[in-house]
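This report concerns only the one structure given below.
Both ligands and their constituent atoms are indexed starting at 1 by order of listing.
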Amino acid sequence: MNKDTLTITDNRTGRSYEISIQNDTIRALDLRQIKVNEDDFGMMSYDPAYTNTASCSSRITLVDGEKGILRYRGYPIEQLAEKSSFLEVAYLNIYGELPDSQQLSFWVERIMHHTFIHENLAKLMQSFRYDAHPMGMLIGTIAAMSTLHPDAKDIYDDQARQKQIWRLLGKLPTVAAFAYRRRIGRPYNYPDSSLGYTENLLYMMDYMNQGDYQVNPVLAKALDVLFILHAEHEQNCSTAVMRGIGSSHADPYSAMSGAAAALYGPLHGGANEAVLRMLNEIATVDNIPGYVEKVKAGKFRLMGFGHRVYKNYDPRARIIKKVADDVLAITGGNPLLDIALKLEEIALEDEYFVSRKLYPNVDFYSGIIYQAMGFPVDMFPVLFALGRAPGWLAQWLELIDDKEQRIARPRQVFLGSEQRDYLPMEQRG
Ligand code: CMC
(Lines give C-alpha, C1' and ligand atoms only; values in the text may rest on other atoms or scores of the structure.)
Protein backbone atom coordinates (compact mmCIF):
# COMPACT_ATOMS: atom_id res chain seq x y z
CA MET A 1 0.00 0.00 0.00
CA ASN A 2 1.52 3.33 -1.10
CA LYS A 3 0.03 6.39 0.51
CA ASP A 4 1.35 9.95 0.76
CA THR A 5 0.77 10.14 4.47
CA LEU A 6 2.71 9.79 7.68
CA THR A 7 1.26 7.95 10.66
CA ILE A 8 2.35 9.23 14.05
CA THR A 9 1.57 7.43 17.28
CA ASP A 10 1.62 9.54 20.41
CA ASN A 11 2.88 7.18 23.09
CA ARG A 12 1.58 9.48 25.83
CA THR A 13 -1.99 8.75 24.80
CA GLY A 14 -1.71 5.75 22.47
CA ARG A 15 -3.56 7.75 19.78
CA SER A 16 -2.49 7.63 16.13
CA TYR A 17 -2.67 10.45 13.58
CA GLU A 18 -2.43 10.33 9.83
CA ILE A 19 -0.74 13.38 8.38
CA SER A 20 -0.50 14.14 4.69
CA ILE A 21 2.86 14.41 2.92
CA GLN A 22 3.36 16.89 0.09
CA ASN A 23 6.70 17.49 -1.62
CA ASP A 24 8.40 15.36 1.04
CA THR A 25 7.21 17.66 3.80
CA ILE A 26 4.51 17.62 6.42
CA ARG A 27 2.78 20.81 7.49
CA ALA A 28 3.92 21.84 10.95
CA LEU A 29 0.38 23.03 11.69
CA ASP A 30 -0.88 19.45 11.21
CA LEU A 31 1.05 18.54 14.36
CA ARG A 32 -1.21 20.79 16.41
CA GLN A 33 -3.97 18.17 16.44
CA ILE A 34 -1.67 15.98 18.57
CA LYS A 35 -2.76 16.74 22.11
CA VAL A 36 -2.72 15.02 25.49
CA ASN A 37 -6.05 16.59 26.39
CA GLU A 38 -8.46 19.12 24.86
CA ASP A 39 -6.90 22.13 26.70
CA ASP A 40 -3.49 21.27 25.34
CA PHE A 41 -2.06 23.77 22.82
CA GLY A 42 -1.03 20.88 20.58
CA MET A 43 2.36 19.75 19.38
CA MET A 44 4.86 21.98 17.57
CA SER A 45 8.15 21.17 15.88
CA TYR A 46 11.33 22.59 17.45
CA ASP A 47 13.96 23.67 14.94
CA PRO A 48 16.49 26.24 16.16
CA ALA A 49 18.22 27.91 13.19
CA TYR A 50 15.67 26.33 10.82
CA THR A 51 17.96 23.45 9.93
CA ASN A 52 15.11 21.29 8.67
CA THR A 53 12.16 23.60 8.18
CA ALA A 54 10.93 24.86 4.81
CA SER A 55 9.44 28.30 5.42
CA CYS A 56 8.20 28.79 1.87
CA SER A 57 7.89 27.14 -1.49
CA SER A 58 10.08 28.67 -4.18
CA ARG A 59 10.71 28.28 -7.89
CA ILE A 60 13.93 30.29 -8.12
CA THR A 61 17.01 28.35 -7.03
CA LEU A 62 17.84 24.72 -6.53
CA VAL A 63 20.75 23.86 -4.27
CA ASP A 64 21.49 20.16 -3.94
CA GLY A 65 24.07 20.20 -1.19
CA GLU A 66 24.90 16.50 -1.31
CA LYS A 67 25.65 16.53 -5.04
CA GLY A 68 27.16 20.05 -5.11
CA ILE A 69 24.55 21.35 -7.61
CA LEU A 70 23.39 24.96 -7.98
CA ARG A 71 20.79 26.01 -10.57
CA TYR A 72 18.99 29.30 -11.09
CA ARG A 73 15.53 28.71 -12.58
CA GLY A 74 16.78 25.34 -13.83
CA TYR A 75 19.97 26.62 -15.48
CA PRO A 76 23.24 25.18 -14.09
CA ILE A 77 25.47 27.83 -12.50
CA GLU A 78 28.41 26.61 -14.61
CA GLN A 79 26.58 27.50 -17.86
CA LEU A 80 25.38 30.87 -16.58
CA ALA A 81 28.86 31.81 -15.32
CA GLU A 82 30.36 30.93 -18.68
CA LYS A 83 27.73 32.29 -21.08
CA SER A 84 25.55 34.86 -19.38
CA SER A 85 25.97 38.31 -17.84
CA PHE A 86 25.10 39.48 -14.35
CA LEU A 87 22.16 41.64 -15.44
CA GLU A 88 20.78 38.85 -17.62
CA VAL A 89 21.01 36.47 -14.65
CA ALA A 90 19.32 39.09 -12.46
CA TYR A 91 16.45 39.23 -14.99
CA LEU A 92 16.26 35.44 -15.07
CA ASN A 93 16.05 35.15 -11.31
CA ILE A 94 13.53 37.95 -10.92
CA TYR A 95 11.18 37.12 -13.82
CA GLY A 96 11.75 33.38 -14.20
CA GLU A 97 12.90 33.24 -17.85
CA LEU A 98 15.92 34.37 -19.85
CA PRO A 99 15.10 37.67 -21.59
CA ASP A 100 14.93 38.01 -25.37
CA SER A 101 17.21 40.70 -26.84
CA GLN A 102 14.56 43.45 -26.63
CA GLN A 103 13.68 42.62 -23.04
CA LEU A 104 17.35 42.56 -22.12
CA SER A 105 18.14 45.95 -23.67
CA PHE A 106 15.10 47.51 -21.98
CA TRP A 107 16.09 45.96 -18.63
CA VAL A 108 19.72 47.10 -18.87
CA GLU A 109 18.67 50.59 -20.02
CA ARG A 110 16.21 50.95 -17.11
CA ILE A 111 18.79 49.87 -14.53
CA MET A 112 21.58 52.04 -15.89
CA HIS A 113 19.10 54.95 -16.08
CA HIS A 114 18.68 54.72 -12.31
CA THR A 115 22.33 54.80 -11.29
CA PHE A 116 22.37 58.35 -9.93
CA ILE A 117 21.52 58.75 -6.24
CA HIS A 118 19.73 61.68 -4.62
CA GLU A 119 22.19 64.40 -3.51
CA ASN A 120 20.84 64.06 0.03
CA LEU A 121 22.11 60.49 0.07
CA ALA A 122 25.50 61.58 -1.21
CA LYS A 123 25.66 64.14 1.63
CA LEU A 124 24.42 61.60 4.15
CA MET A 125 27.26 59.29 3.15
CA GLN A 126 29.70 62.16 3.55
CA SER A 127 28.67 62.46 7.20
CA PHE A 128 29.90 59.00 8.23
CA ARG A 129 33.12 59.04 10.26
CA TYR A 130 36.27 58.80 8.11
CA ASP A 131 36.91 55.17 9.12
CA ALA A 132 33.29 53.95 8.87
CA HIS A 133 33.04 50.37 7.58
CA PRO A 134 31.56 50.55 4.05
CA MET A 135 29.10 47.80 4.93
CA GLY A 136 27.67 49.99 7.71
CA MET A 137 27.39 52.83 5.19
CA LEU A 138 25.66 50.55 2.68
CA ILE A 139 23.14 49.28 5.24
CA GLY A 140 22.35 52.79 6.49
CA THR A 141 22.12 54.29 3.03
CA ILE A 142 19.80 51.61 1.64
CA ALA A 143 17.49 52.20 4.64
CA ALA A 144 17.62 55.96 4.00
CA MET A 145 16.55 55.41 0.38
CA SER A 146 13.10 54.40 1.59
CA THR A 147 12.59 57.98 2.84
CA LEU A 148 13.23 59.30 -0.68
CA HIS A 149 10.96 56.87 -2.52
CA PRO A 150 7.68 56.73 -0.59
CA ASP A 151 5.99 55.08 -3.63
CA ALA A 152 7.93 51.97 -2.62
CA LYS A 153 5.36 51.36 0.09
CA ASP A 154 2.88 50.39 -2.61
CA ILE A 155 4.09 46.82 -2.68
CA TYR A 156 1.03 45.48 -4.52
CA ASP A 157 1.36 47.95 -7.40
CA ASP A 158 3.24 46.22 -10.16
CA GLN A 159 4.64 49.40 -11.71
CA ALA A 160 5.83 50.75 -8.37
CA ARG A 161 7.51 47.44 -7.64
CA GLN A 162 9.31 47.43 -11.00
CA LYS A 163 10.56 50.92 -10.38
CA GLN A 164 12.08 50.02 -7.00
CA ILE A 165 13.80 47.03 -8.57
CA TRP A 166 15.43 49.21 -11.26
CA ARG A 167 16.32 51.82 -8.68
CA LEU A 168 17.85 49.39 -6.23
CA LEU A 169 19.92 47.53 -8.81
CA GLY A 170 20.94 50.81 -10.46
CA LYS A 171 21.88 52.71 -7.31
CA LEU A 172 23.61 50.01 -5.28
CA PRO A 173 26.92 50.19 -7.21
CA THR A 174 26.88 53.98 -6.80
CA VAL A 175 26.36 53.68 -3.05
CA ALA A 176 29.14 51.07 -2.88
CA ALA A 177 31.53 53.26 -4.89
CA PHE A 178 30.69 56.36 -2.84
CA ALA A 179 31.26 54.42 0.38
CA TYR A 180 34.67 53.44 -0.93
CA ARG A 181 35.59 56.94 -2.11
CA ARG A 182 34.41 58.44 1.18
CA ARG A 183 36.56 55.91 3.06
CA ILE A 184 39.72 56.84 1.15
CA GLY A 185 38.97 60.56 1.15
CA ARG A 186 38.52 61.00 -2.57
CA PRO A 187 35.74 62.92 -4.34
CA TYR A 188 32.80 60.96 -5.64
CA ASN A 189 32.73 59.95 -9.29
CA TYR A 190 29.23 60.14 -10.71
CA PRO A 191 27.98 57.13 -12.70
CA ASP A 192 28.58 56.71 -16.41
CA SER A 193 25.47 54.96 -17.73
CA SER A 194 27.10 54.21 -21.06
CA LEU A 195 29.35 51.65 -19.35
CA GLY A 196 28.51 48.06 -18.41
CA TYR A 197 27.24 47.34 -14.92
CA THR A 198 30.50 46.19 -13.30
CA GLU A 199 32.54 48.44 -15.60
CA ASN A 200 30.66 51.46 -14.24
CA LEU A 201 31.27 50.29 -10.66
CA LEU A 202 35.02 49.98 -11.25
CA TYR A 203 35.03 53.36 -13.02
CA MET A 204 33.26 55.11 -10.12
CA MET A 205 35.71 53.58 -7.66
CA ASP A 206 38.95 54.13 -9.53
CA TYR A 207 38.77 57.02 -11.96
CA MET A 208 41.01 59.95 -10.97
CA ASN A 209 40.93 62.23 -13.97
CA GLN A 210 43.48 60.25 -15.99
CA GLY A 211 43.16 61.20 -19.66
CA ASP A 212 43.68 57.67 -20.90
CA TYR A 213 41.59 55.93 -18.23
CA GLN A 214 39.87 52.70 -19.24
CA VAL A 215 38.42 49.96 -17.08
CA ASN A 216 40.25 46.71 -17.69
CA PRO A 217 37.66 44.52 -19.50
CA VAL A 218 39.05 41.30 -18.02
CA LEU A 219 38.62 42.65 -14.48
CA ALA A 220 35.10 43.94 -15.25
CA LYS A 221 34.23 40.52 -16.66
CA ALA A 222 35.71 38.73 -13.63
CA LEU A 223 33.62 40.88 -11.30
CA ASP A 224 30.55 40.19 -13.45
CA VAL A 225 31.13 36.43 -13.08
CA LEU A 226 31.63 36.78 -9.31
CA PHE A 227 28.33 38.64 -9.12
CA ILE A 228 26.61 35.84 -11.08
CA LEU A 229 27.96 33.31 -8.59
CA HIS A 230 26.59 35.35 -5.68
CA ALA A 231 23.31 36.33 -7.34
CA GLU A 232 20.96 33.96 -5.53
CA HIS A 233 21.19 31.14 -3.02
CA GLU A 234 17.68 30.26 -1.87
CA GLN A 235 16.83 30.59 1.82
CA ASN A 236 20.18 31.71 3.25
CA CYS A 237 20.34 33.95 6.33
CA SER A 238 20.10 37.32 4.53
CA THR A 239 17.37 36.15 2.13
CA ALA A 240 15.38 34.82 5.07
CA VAL A 241 15.69 38.31 6.62
CA MET A 242 14.57 39.94 3.35
CA ARG A 243 11.51 37.70 3.38
CA GLY A 244 10.98 38.18 7.12
CA ILE A 245 10.96 41.97 6.89
CA GLY A 246 9.03 41.86 3.60
CA SER A 247 6.36 39.73 5.27
CA SER A 248 5.36 42.72 7.41
CA HIS A 249 4.83 44.63 4.13
CA ALA A 250 7.71 47.02 4.78
CA ASP A 251 9.05 48.63 1.59
CA PRO A 252 11.87 46.81 -0.28
CA TYR A 253 14.54 49.36 0.78
CA SER A 254 13.89 48.67 4.47
CA ALA A 255 13.80 44.94 3.79
CA MET A 256 17.03 45.03 1.78
CA SER A 257 18.79 47.10 4.41
CA GLY A 258 17.97 44.33 6.91
CA ALA A 259 19.10 41.66 4.47
CA ALA A 260 22.42 43.48 3.98
CA ALA A 261 22.83 43.68 7.76
CA ALA A 262 22.38 39.91 7.99
CA LEU A 263 24.93 39.47 5.23
CA TYR A 264 27.49 41.56 7.13
CA GLY A 265 28.15 38.87 9.76
CA PRO A 266 31.37 36.83 9.49
CA LEU A 267 29.44 33.56 9.28
CA HIS A 268 27.70 34.78 6.12
CA GLY A 269 28.84 37.48 3.65
CA GLY A 270 31.48 38.80 6.02
CA ALA A 271 33.31 35.48 5.60
CA ASN A 272 35.24 36.67 2.53
CA GLU A 273 36.69 39.49 4.63
CA ALA A 274 37.42 37.04 7.46
CA VAL A 275 39.19 34.65 5.05
CA LEU A 276 41.59 37.36 3.97
CA ARG A 277 42.35 38.33 7.55
CA MET A 278 42.89 34.65 8.36
CA LEU A 279 45.29 34.10 5.42
CA ASN A 280 47.25 37.18 6.46
CA GLU A 281 47.43 35.88 10.00
CA ILE A 282 48.70 32.48 8.80
CA ALA A 283 51.25 34.45 6.74
CA THR A 284 53.38 31.49 5.52
CA VAL A 285 52.71 27.94 4.30
CA ASP A 286 54.80 26.62 7.22
CA ASN A 287 52.31 28.00 9.71
CA ILE A 288 49.35 26.11 8.19
CA PRO A 289 49.62 22.83 10.16
CA GLY A 290 49.77 24.70 13.51
CA TYR A 291 46.79 26.83 12.47
CA VAL A 292 44.75 23.79 11.44
CA GLU A 293 45.49 22.15 14.80
CA LYS A 294 44.04 25.18 16.58
CA VAL A 295 40.92 24.99 14.38
CA LYS A 296 40.54 21.32 15.27
CA ALA A 297 40.94 22.14 18.95
CA GLY A 298 37.91 24.42 18.56
CA LYS A 299 39.83 27.68 19.14
CA PHE A 300 38.34 29.22 15.98
CA ARG A 301 36.86 28.22 12.65
CA LEU A 302 38.55 27.88 9.31
CA MET A 303 36.87 30.76 7.52
CA GLY A 304 35.63 30.04 4.00
CA PHE A 305 35.07 26.41 4.90
CA GLY A 306 31.82 24.61 5.61
CA HIS A 307 28.27 25.33 4.59
CA ARG A 308 24.85 24.59 6.03
CA VAL A 309 23.66 23.06 2.76
CA TYR A 310 26.73 22.01 0.75
CA LYS A 311 28.15 18.78 2.09
CA ASN A 312 30.23 18.49 -1.05
CA TYR A 313 32.47 20.91 -2.94
CA ASP A 314 30.65 24.24 -3.39
CA PRO A 315 30.25 24.47 -7.21
CA ARG A 316 30.80 28.21 -6.99
CA ALA A 317 34.23 27.70 -5.39
CA ARG A 318 35.27 25.56 -8.36
CA ILE A 319 34.32 28.30 -10.88
CA ILE A 320 35.99 30.95 -8.73
CA LYS A 321 39.33 29.18 -8.90
CA LYS A 322 39.25 29.67 -12.68
CA VAL A 323 38.33 33.36 -12.30
CA ALA A 324 41.27 33.71 -9.90
CA ASP A 325 43.61 32.43 -12.63
CA ASP A 326 42.26 35.01 -15.14
CA VAL A 327 42.60 37.89 -12.68
CA LEU A 328 46.01 36.92 -11.33
CA ALA A 329 47.32 36.62 -14.90
CA ILE A 330 46.71 40.37 -15.18
CA THR A 331 47.39 41.63 -11.70
CA GLY A 332 50.34 39.34 -10.93
CA GLY A 333 50.46 36.56 -8.32
CA ASN A 334 49.00 36.87 -4.86
CA PRO A 335 51.12 35.09 -2.21
CA LEU A 336 47.92 34.45 -0.26
CA LEU A 337 46.75 32.15 -3.08
CA ASP A 338 49.62 29.76 -2.34
CA ILE A 339 48.61 29.69 1.32
CA ALA A 340 44.94 29.15 0.40
CA LEU A 341 45.74 26.30 -2.01
CA LYS A 342 47.95 24.56 0.55
CA LEU A 343 45.39 25.12 3.30
CA GLU A 344 42.68 23.56 1.14
CA GLU A 345 44.91 20.61 0.32
CA ILE A 346 45.72 19.94 3.97
CA ALA A 347 42.16 20.41 5.17
CA LEU A 348 40.64 18.18 2.50
CA GLU A 349 42.84 15.30 3.64
CA ASP A 350 42.29 15.82 7.34
CA GLU A 351 39.85 13.50 9.12
CA TYR A 352 38.33 16.45 11.08
CA PHE A 353 37.18 18.18 7.89
CA VAL A 354 36.45 15.00 5.92
CA SER A 355 34.19 13.52 8.60
CA ARG A 356 32.27 16.80 8.94
CA LYS A 357 32.06 17.25 5.16
CA LEU A 358 33.70 20.66 5.35
CA TYR A 359 34.74 21.92 1.90
CA PRO A 360 35.81 25.36 0.67
CA ASN A 361 32.78 27.57 0.06
CA VAL A 362 32.30 30.50 -2.32
CA ASP A 363 34.07 32.88 0.04
CA PHE A 364 37.30 30.95 0.32
CA TYR A 365 38.69 32.24 -2.98
CA SER A 366 36.56 35.32 -3.72
CA GLY A 367 38.54 37.45 -1.25
CA ILE A 368 41.83 36.60 -2.95
CA ILE A 369 40.43 37.80 -6.28
CA TYR A 370 39.01 40.99 -4.76
CA GLN A 371 42.34 41.71 -3.12
CA ALA A 372 44.24 41.10 -6.35
CA MET A 373 41.89 43.56 -8.05
CA GLY A 374 42.83 46.16 -5.45
CA PHE A 375 39.68 46.24 -3.33
CA PRO A 376 40.31 46.89 0.37
CA VAL A 377 39.25 44.02 2.61
CA ASP A 378 36.25 45.80 4.11
CA MET A 379 34.71 46.26 0.64
CA PHE A 380 34.43 42.48 0.16
CA PRO A 381 31.04 42.03 1.88
CA VAL A 382 29.75 45.09 0.01
CA LEU A 383 30.59 43.35 -3.28
CA PHE A 384 28.80 40.24 -2.05
CA ALA A 385 25.73 42.41 -1.30
CA LEU A 386 25.76 43.89 -4.80
CA GLY A 387 25.85 40.40 -6.28
CA ARG A 388 23.11 39.08 -4.01
CA ALA A 389 20.71 42.01 -4.48
CA PRO A 390 18.76 40.50 -7.43
CA GLY A 391 18.31 37.30 -5.45
CA TRP A 392 16.87 39.26 -2.53
CA LEU A 393 14.50 41.05 -4.91
CA ALA A 394 13.43 37.85 -6.67
CA GLN A 395 12.63 36.24 -3.31
CA TRP A 396 10.83 39.37 -2.12
CA LEU A 397 8.57 39.39 -5.20
CA GLU A 398 7.86 35.70 -4.80
CA LEU A 399 6.93 36.27 -1.17
CA ILE A 400 4.58 39.16 -1.91
CA ASP A 401 2.75 37.15 -4.58
CA ASP A 402 2.52 33.98 -2.50
CA LYS A 403 -1.02 33.66 -1.17
CA GLU A 404 0.12 31.22 1.50
CA GLN A 405 2.51 33.71 3.11
CA ARG A 406 1.55 35.84 6.07
CA ILE A 407 3.61 37.87 8.50
CA ALA A 408 6.58 35.75 9.62
CA ARG A 409 6.10 34.89 13.25
CA PRO A 410 7.89 31.83 14.61
CA ARG A 411 6.79 30.08 17.79
CA GLN A 412 8.99 29.44 20.82
CA VAL A 413 9.34 26.81 23.50
CA PHE A 414 9.05 28.80 26.72
CA LEU A 415 11.40 27.51 29.42
CA GLY A 416 11.34 30.57 31.73
CA SER A 417 9.87 31.17 35.16
CA GLU A 418 6.30 30.45 36.12
CA GLN A 419 4.34 33.50 37.29
CA ARG A 420 5.91 35.12 40.36
CA ASP A 421 5.21 38.26 42.35
CA TYR A 422 7.18 41.48 42.00
CA LEU A 423 9.85 41.80 44.72
CA PRO A 424 10.52 45.19 46.30
CA MET A 425 14.19 46.25 46.04
CA GLU A 426 15.01 45.63 49.74
CA GLN A 427 13.88 42.00 49.49
CA ARG A 428 16.08 41.08 46.49
CA GLY A 429 19.04 38.90 47.29
N1 CMC B 1 35.93 25.39 10.64
C2 CMC B 1 36.03 24.42 11.58
N3 CMC B 1 34.98 23.65 11.96
C4 CMC B 1 33.80 23.89 11.38
C5 CMC B 1 33.62 24.88 10.41
C6 CMC B 1 34.74 25.64 10.03
N7 CMC B 1 34.65 26.60 9.11
N8 CMC B 1 32.33 24.90 10.00
C9 CMC B 1 31.70 23.95 10.71
N10 CMC B 1 32.60 23.33 11.54
C11 CMC B 1 32.35 22.20 12.42
C12 CMC B 1 31.58 22.65 13.66
O13 CMC B 1 32.46 22.99 14.70
C14 CMC B 1 30.78 21.41 13.95
O15 CMC B 1 31.64 20.46 14.56
P16 CMC B 1 31.11 19.53 15.78
O17 CMC B 1 30.05 18.67 15.16
O18 CMC B 1 32.31 18.81 16.25
O19 CMC B 1 30.55 20.49 16.80
C20 CMC B 1 30.42 20.86 12.58
O21 CMC B 1 31.48 21.31 11.72
C22 CMC B 1 29.08 21.35 12.04
O23 CMC B 1 29.09 22.78 12.10
P24 CMC B 1 27.81 23.68 12.32
O25 CMC B 1 28.21 24.92 13.04
O26 CMC B 1 26.73 22.85 12.93
O27 CMC B 1 27.41 23.98 10.85
P28 CMC B 1 26.35 25.08 10.40
O29 CMC B 1 25.64 24.50 9.26
O30 CMC B 1 25.55 25.57 11.55
O31 CMC B 1 27.28 26.30 9.95
C32 CMC B 1 28.60 27.73 8.64
C33 CMC B 1 27.54 26.63 8.62
C34 CMC B 1 28.81 28.24 7.20
C35 CMC B 1 28.08 28.91 9.47
C36 CMC B 1 29.91 27.17 9.22
O37 CMC B 1 30.39 26.11 8.42
C38 CMC B 1 30.98 28.25 9.41
O39 CMC B 1 30.99 28.92 10.43
N40 CMC B 1 31.88 28.42 8.39
C41 CMC B 1 32.86 29.48 8.45
C42 CMC B 1 32.23 30.79 7.99
C43 CMC B 1 32.02 30.81 6.50
O44 CMC B 1 32.88 30.46 5.71
N45 CMC B 1 30.83 31.28 6.10
C46 CMC B 1 30.48 31.48 4.69
C47 CMC B 1 29.41 30.56 4.27
S48 CMC B 1 29.26 30.50 2.48
C49 CMC B 1 28.72 32.06 2.02
C50 CMC B 1 27.36 32.32 2.47
O51 CMC B 1 26.40 31.77 1.94
O52 CMC B 1 27.22 33.16 3.39
Could you give the side-chain donor-acceptor pairs of residues 286-294 under 3.5 Å, partners two or more places apart or in another chain?
residue	atom	partner	partner atom	Å
N287	ND2	I282	O	2.7
N287	ND2	T284	OG1	3.2
E293	OE2	K296	NZ	3.3

Is there a heavy atom of H233 sitting under 4.0 angstrom from any atom of ligand 1?
no

What about [X]: any of its N or O atoms under 3.5 Å from an N or O on ligand 1?
X: L302; answer: yes
X: G304; answer: yes
X: Y352; answer: yes
X: F353; answer: no

Can you report which non-hydrogen protein atom sits closest to atom 49 (C) of ligand 1, along with the distance?
D363 OD2, 3.3 Å

Nearest neighbour of [atom] from the list [options], on a heavy-atom basis:
atom: atom 34 (C) of ligand 1; options: G306, G298, C237, A262; answer: G306
atom: atom 40 (N) of ligand 1; options: F300, F364, F305; answer: F305
atom: atom 39 (O) of ligand 1; options: R356, R301, R308, H230; answer: R301
atom: atom 9 (C) of ligand 1; options: V275, N236, N272, L358; answer: L358

Among N93, T61, T239, side-chain hydrogen bond (donor to acceptor under 3.5 Å, both in side chains) partner for E232:
T61

With side chains defined as the heavy atoms from C-beta onward, is the minimum distance between M278 and F300 less than 4.5 Å?
no

Parallel, tilted or perpendicular: which one describes the rings of Y156 and H249, with boundaries at 30° and 60°?
perpendicular

Would you call R277-E281 a salt bridge at under 4.0 Å N-O?
no

Test of understanding: with salt bridge (Lys or Arg N to Asp or Glu O under 4.0 Å), list the residues that count as partners of E398, not counting sequence neighbours.
R243

